[in-house]
Amino acid sequence: MAFKSIIDEIENNLNKILNDLSISDVKFTVEPSKPGFGDVSSNISFLLSKQLKKSPKDIAEMISEKYQHCSNTLVLKTEAHQSGYLNFFANWKKLNQLILSESYLDEFGDVDIGKNSTIVVEHTSVNPNKALHIGHIRNIIIGDTLSRILKKANYKVSVLNYIDDSGLQVADLIVGFKHFGFDQEPPNGKKFDHYCGDDVYVKTTEKYESDSSLEEIRKNILKELEDSNSDTAKFANKITRRVLVNQLETCWNLSVSYDCLNFESQIIRSGLWSKIFEKIKGMNLVEFENEGKNVGCWVIRGVDKEEDKIIVRSNGTATYIAKDIPYAAWKLGLVEDPFHYQKYEKKQPHSRVLWQTTLDSNNESVKNFTGEKVITVIDSRQARLQKIITSLMAKFKSVSDAYVHLSYESVTLSAETAKSLGLDTDGKQAQMSGRRGLYVNADSVYDLLKKKTIEETKKRNPEMDSSEIEKIAHHISVGTLRYEMIKQDLDKIITFDLTKSLSLDGDTAPYIQYAHARATRILEKSERSPSIEVDFSLLQEKSELDLIKTIGLFDIHVRDAVNNLSPKVIARYCHDLAVVFNSFYEHVKVLELSDAQLENSRLCIVNSFKITLEKALDLLGIVAPDRM
RNA sequence: GGGCCCAUAGCUCAGCAUGGAUAGAGUGUUGGACUUCUAAUCCAAUGGUCAAGGGAUCGAAGCCCUUUGGGCCCGCCA
């Protein structure tokens, strides 16, 4: 509860006052104040102004007066500001004690929004024909961060990764291996996923452009892939599995993990589509075209002026979007589960068990990875298709928000970075393209960051042994990358610049991690563990109070992040925490104060800050080293 | 032609959901602070017709409409 306690107390009292005045249905706010306006503010007087035919200022004074008679423990005084706001000043002695003692609990920051209900978060879902690039990373980090936040909010989260192992892009890769003589072993120990994406895929698609007769080969391969027992399909499975494990290694390295891998090829073979198709036919959600340009097709009618969407072609085959429908329904638990489950062959970090679907009934494991709600993280370019899925699912489930497409803008390359990859864009940013080889691989960004952070850490810790430096550099590199991907809002395009992405100053993860390292050092050097028996009246400095207050706001931000599916809220909170701590650090001393009581009090704050920051950073998947 | 998104300081972005006080950070530039709990830090200065116009409101960066500029999507491809 922490700071929320005083907010709740004020809210209750204001409601009582309104009740006494026989006023109801006023949705006033009670929020932490802007600096300089007390601790908590309410807009209640503005909202009553019309009804009571008085100025907000007069109303604020009236309520302020009535508030004196309310029972309260955490509010010291109220103030009717001339602007009309009603401001409250906290009894910091009591509030500090409350916040500090709660901050030591494991469940600090927990909020119960999910009520232990199930929710599915699907993210990553990259074609297994290439290495992950920086655009994929945004998706992955959004999804992973969100799943961590939802857990904090008492949801039972299943994280899924959909493996599109049967599409055209896979066929292209197979064409490369089977017809253009690409060796199955990459040269010079190159990672297999990089080799497939950078070399095999790019060069194969290049050849299509110069020789259109190759289309025939491509079509044949695609056809052969449909039969799961064909040599081509078996070969493709071997190749995509190899790419997949490399992709997963990239994710695991970034502290991202999953609960289950779902393979598209299995969804197709499971027969789920025909069941769903019958169902939507029965519900009249699709129509058969007897005339017009889509004659012979099954379509979903476009709303308003939108085009109809073809679901089944006139030759009877299902289109791309049709594959998404059974999967979405499966995720919501709307269909009988056709899958069996087996453990993935490689272990994830932190011993989280990774399952994968299989159609092989020898695997008797019964698992349930479906959810009452589903969040699918896909970039905004697929908004149109996702909208169709969302409205279909709303009809199946008769709950409008059971299926949510969490949309985000894509990552583009800055003109300078595009140029470094050989594309002159005339000063404009550039869209990434796997086909044209125009992308920045996630692994290479991590490697560059690692190299730089190792240097920087060495510079600051010349005595440290190299494995320790390596570990620290890893956490800083992962943190930097994750923070850059999550700190801005989902609707902002990230223009990725290789040079700027290596910055470690200012609003970055290292800034936040550094604050943690500073706090840790103080606690280490103090050579005693802080006792919670604190004389809170000793804490008077503004920087002390600001720090405790910010610590107390943790759960409020978690709530905000969950309600708005907005992971950046937590990133901003971590940054806020670091800012107030750095200010505290510069302004007050903690050690060698020759006042044991005061020293203990400040140590308590530092400790509370440290564990709160760790918890908040954990929601971002970022680890803060003890030294850096 | 239809649809979605963006526009706030030189640059990158918060704030907009739920209208109300003094529009905030970072970065850049300029100046200052390491014999001190780590300077990946801090302090200060600098920098804003909140794209434009209109509307509703006692009150708009925020809500509604229009316009402009930019990005993306709209295949019997995936």
Side-chain angles (χ1 to χ4, degrees), chain A residues 27-29 31 33-37 41 43 45-47 49-50 55-56 81-85 87 127 164 166-171 264 289 293-299 302-307 309-315 317 319-321 323 379-385 387 407-410 412 428-429 431 453 456-457 459-461 476 487-495 497 500 503-515 517-526 560 563-564 566 568 572 575-576 578-579 582-583 585-592 602 606 627-628:
Chain A
K27 284 188 183 158
F28 58 89
T29 60
E31 295 170 320
S33 306
K34 286 204 242 177
F37 296 101
S41 300
N43 67 350
S45 347
F46 296 109
L47 304 181
S49 178
K50 194 167 257 178
S55 76
H81 191 268
Q82 56 168 357
S83 64
Y85 266 103
N87 295 331
N127 289 321
D164 182 358
S166 59
L168 199 58
Q169 304 198 52
V170 172
E264 179 174 272
E289 291 283 36
K293 63 173 182 175
N294 296 332
V295 60
C297 300
W298 288 89
V299 302
V303 287
D304 297 328
K305 288 173 183 169
E306 280 177 11
E307 294 274 317
K309 191 72 212 168
I310 293 170
I311 297 297
V312 177
R313 302 183 186 97
S314 54
N315 68 6
T317 57
T319 59
Y320 167 69
I321 183 176
K323 295 177 190 169
D379 78 65
S380 64
R381 288 174 294 199
Q382 298 221 35
R384 203 188 186 88
L385 291 182
K387 199 176 149 196
S407 170
Y408 63 93
E409 282 294 331
S410 48
T412 63
K428 288 171 118 182
Q429 51 180 250
Q431 295 290 323
T453 49
E456 295 289 326
T457 310
K459 220 191 286 175
R460 292 165 173 81
N461 301 278
I476 299 175
K487 76 171 176 185
Q488 46 211 320
D489 220 335
L490 302 179
D491 58 17
K492 288 285 192 306
I493 293 168
I494 294 182
T495 305
D497 184 274
K500 286 184 186 154
S503 164
L504 308 174
D505 302 325
D507 185 10
T508 63
Y511 173 89
I512 300 165
Q513 290 168 316
Y514 186 65
R518 279 177 147 181
T520 306
R521 279 301 271 171
I522 292 176
L523 293 166
E524 275 175 16
K525 285 208 167 183
S526 80
D560 185 6
N563 287 335
N564 297 300
S566 182
K568 68 124 197 283
R572 301 191 66 80
H575 183 254
D576 288 349
V579 167
N582 275 328
S583 174
Y585 186 94
E586 301 280 346
H587 286 100
V588 302
K589 269 184 75 77
V590 178
L591 301 180
E592 292 162 40
R602 288 187 177 158
V606 173
R627 288 191 191 199
M628 56 190 283

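The sequence lines fix the lettering, A, B, ..., with proteins before strands; numbering per chain opens at 1.
The nucleotide whose nearest atom lies closest to any side-chain atom of A:Lys50 is, among B:rC58, B:rC37, B:rA14, B:rC58. For A:Lys568, the listed nucleotide lying nearest its side chain is B:rG15; candidates were B:rA40, B:rC13, B:rG15. Distance from the side chain of A:Val590 is smallest to B:rC37 among B:rC37, B:rU22, B:rC5. Of the candidate nucleotides B:rA40, B:rU41, B:rG71, B:rG71 has the atom nearest to the side chain of A:Lys428.
For the P atoms, the distance from B:rA78 to B:rC65 is 37 Å, rounded to whole Å. Spacing between B:rC64 and B:rG19 at atom P, rounded to whole Å, works out to 11 Å. Of the C1' atoms belonging to B:rC6 and B:rC16, the separation is 14 Å, rounded to the nearest Å. Nucleotides B:rG24 and B:rC50, compared at atom P, are 14 Å apart to the nearest Å. For the C1' atoms, the distance from B:rA61 to B:rA17 is 15 Å, rounded to whole Å. Distance noted for atom P between B:rU66 and B:rU49: 27 Å (whole Å). The separation of B:rA52 from B:rU68, taken at their C1' atoms, amounts to 7 Å, rounded to a whole angstrom. A distance of about 23 Å separates the C1' atoms of B:rU67 and B:rC73, rounded to the whole Å.
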For this session: Using a 4.0 Å cut-off on protein heavy atoms (strictly under), produce a 5'-to-3' string for nucleotides 24-34 of chain B with B for base contact, S for backbone-only sugar-phosphate contact, and - for none.
Result: -SSS-------
Seminar exercise, completed: Quick tally for nucleotides 73-78 of chain B: nucleotides whose base has a protein heavy atom under 4.0 Å get B, sugar-phosphate-only ones S, the rest -, giving SS-BSB
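Checking A:Glu456 against A:Thr412, the closest nucleotide of RNA chain B that is more toward the 5' end is the one next to A:Glu456. Taking the nucleotide of RNA chain B with the nearest heavy atom to each of A:Thr508 and A:Pro56, the more 5' of the two is matched to A:Pro56.
Counting any heavy atom pair closer than 4.0 Å across all strands shown, A:Leu504 reaches a base atom.
We find that CD1 of A:Ile494 is positioned 16 Å from C1' of B:rC72, with the value rounded to whole Å. The OH-P distance, from A:Tyr511 to B:rC13, rounds to 21 Å in whole Å.
Side-chain to base pairing of A:Ser41 with B:rA21: one donor and one acceptor N or O lie within less than 3.5 Å of each other.
For A:Tyr408, there are no ring pair (Phe, Tyr, Trp, His ring centres under 6.0 Å) partners, not counting sequence neighbours. With sequence neighbours left out, A:Lys293 forms a salt bridge (charged side-chain N to carboxylate O under 4.0 Å, His left out) with A:Glu307. In this structure, the side-chain contact (heavy atoms from CB on, under 4.5 Å) partners of A:Thr457, at least two apart in sequence or on a different chain, are A:Asn461, A:Ile469, A:Ile472, A:Ile476. Under the side-chain contact (heavy atoms from CB on, under 4.5 Å) criterion, A:Lys487 pairs with A:Tyr483, A:Glu484, A:Asp507, A:Ala571, not counting sequence neighbours. By the salt bridge (charged side-chain N to carboxylate O under 4.0 Å, His left out) test, A:Arg572 is found to be paired with no residue, residues two or more places apart in sequence or in another chain being considered. By the side chain to side chain donor-acceptor pair (under 3.5 Å) test, A:Ser41 is found to be paired with A:Ser33, A:Asn87, residues two or more places apart in sequence or in another chain being considered. Partners of A:Arg521 according to the side-chain contact (heavy atoms from CB on, under 4.5 Å) rule, which considers only residues two or more places apart in sequence or in another chain, are A:Glu524, A:Lys525, A:Arg627. Not counting sequence neighbours, the partners of A:Asp497 by the side-chain contact (heavy atoms from CB on, under 4.5 Å) test are A:Ser414, A:Glu416, A:Thr417, A:Thr499, A:Lys500.
Distance check: A:Thr319 OG1 to A:Arg313 CZ gives 6.0 Å after rounding to the nearest 0.5 Å.
Annotated as syn: B:rC34, whose glycosidic dihedral is within 90° of 0.
Remark: ring of A:Phe37 not stacked against base of B:rA21; the cut-offs of centroid gap under 5.5 Å and plane tilt under 30° are not jointly satisfied.
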So which protein N/O to nucleotides 6-8 of chain B N/O distances come out below 3.5 Å?
{"from": "B:rC6", "atom 1": "OP1", "to": "A:Asp491", "atom 2": "OD2", "distance (Å)": "3.0"}
{"from": "B:rA7", "atom 1": "OP1", "to": "A:Lys492", "atom 2": "NZ", "distance (Å)": "3.2"}

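Between A:Gln82 and B:rA21 there is no side-chain N or O to OP1 or OP2 distance below 4.0 Å.
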Problem set entry | Secondary-structure notation, RNA chain B, from Watson-Crick and G-U pairs under 3.5 angstrom (| other strand) | (((((((..((((......[...))))((((((.......))))))....(((((..]....))))))))))))....
